[in-house]
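Below is one structure, written out as structure tokens; the observations come after it.
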Amino acid sequence: QVQLVESGGGTVQPGGSLTLSCAASGTIFSRYAVGWFRQGSGQEREFVARISASSSITDFAESVKGRFTISRDNAKNTVYLQMNSLKPEDTAVYYCAAVAAVIGGTRPQSYDHWGQGTQVTVSS
């Protein structure tokens, strides 16, 4: 059973940075593609970024392109989402998700395993 645990959320001022971590257990993590999604209050869950199992492919939503980066350390079973130049509209609960595939999709339905989420609030 794959278990995912997000951490690193918090409150930051506009223009600030945060790094989210997604730690996996219970599986050979290097076989799993990972995606990050977010869900604002009253909004649908939306795609933020994804990374392939081998790290060779990364992809970002247009709204975060150039500000966020995604990386993984398979030796540590962890995926990271580095978020820079944060804006108030980035405020949301951020979730990581995993699927046993080379690369996951941009829809939540593409992923089989989810973490519990971590809150990110961008406010002055």
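Position 1 is the first residue of the sequence, and the numbers go up from there. Nothing here was measured: the structure is a model prediction, and the numbers come from that model.
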Inter- and intrachain pairs under ring pair (Phe, Tyr, Trp, His ring centres under 6.0 Å), touching residues 72-112, at least two apart: F37-Y111
Minimum-distance pair of heavy atoms, taken over all atoms of G104 and A33: N-CB, 3.4 Å
L81 CG to T118 OG1 distance, which is reported to the nearest 0.5 Å: 11.0 Å
Joint cluster assignment, Y32 & V99, ILVMFWY side-chain distance < 4.5 Å: no
Interatomic distance, T106 atom OG1 to F60 atom CZ [nearest 0.5 angstrom]: 14.0 Å
Salt bridge (Lys or Arg N to Asp or Glu O under 4.0 Å) partners of residues 51-67, not counting sequence neighbours, each pair once: R50-D59, E62-K65, R67-D90
Set of residues satisfying salt bridge (Lys or Arg N to Asp or Glu O under 4.0 Å) with respect to E44, sequence neighbours excluded: none
S25: side chain to side chain contact (heavy atoms under 4.5 Å, CB included) partners, not counting sequence neighbours: Q3
Straight-line distance of I103 CD1 to T58 OG1, nearest 0.5 Å: 8.0 Å
With sequence neighbours excluded, residues passing side chain to side chain contact (heavy atoms under 4.5 Å, CB included) with A61: F47, S63, V64
4.5 Å side-chain heavy-atom contact, W36 and M83: no
Partners passing side-chain hydrogen bond (donor to acceptor under 3.5 Å, both in side chains) against Q82 (at least two apart in sequence or in another chain): T19, N84
Over all atoms of both residues, closest heavy-atom pair of N77 and T27: ND2-O, 4.3 Å
Which atom of S124 lies closest to which atom of P14, heavy atoms considered: N-CD, 3.7 Å
Side-chain (Q116) to main-chain (V5) donor-acceptor, under 3.5 angstrom: no
Considering all heavy atoms, the nearest L4-A24 contact: CD2-CB, 3.7 Å
Residues which pass side chain to side chain contact (heavy atoms under 4.5 Å, CB included) with S7, listed by chain and number, not counting sequence neighbours: S21
Side-chain (R38) to main-chain (V120) donor-acceptor, under 3.5 angstrom: no
Listed partners of S54 passing side-chain hydrogen bond (donor to acceptor under 3.5 Å, both in side chains), at least two apart: S56
Residue pair N74 / S30: nearest heavy atoms and the distance that separates them: ND2-CB, 3.6 Å
Under the side chain to side chain contact (heavy atoms under 4.5 Å, CB included) test, residues paired with Q119 that sit two or more places apart: T91, V93, T121
Selection residues 45-75 - residue pairs positive for disulfide (SG to SG under 2.5 Å), sequence neighbours left out: none
side-chain hydrogen bond (donor to acceptor under 3.5 Å, both in side chains) partners for R107, two or more places apart: none
Heavy-atom neighbours of Q109 CD exceed 12 at 6.0 Å: yes
Selection residues 13-124 - residue pairs positive for disulfide (SG to SG under 2.5 Å), sequence neighbours left out: C22-C96
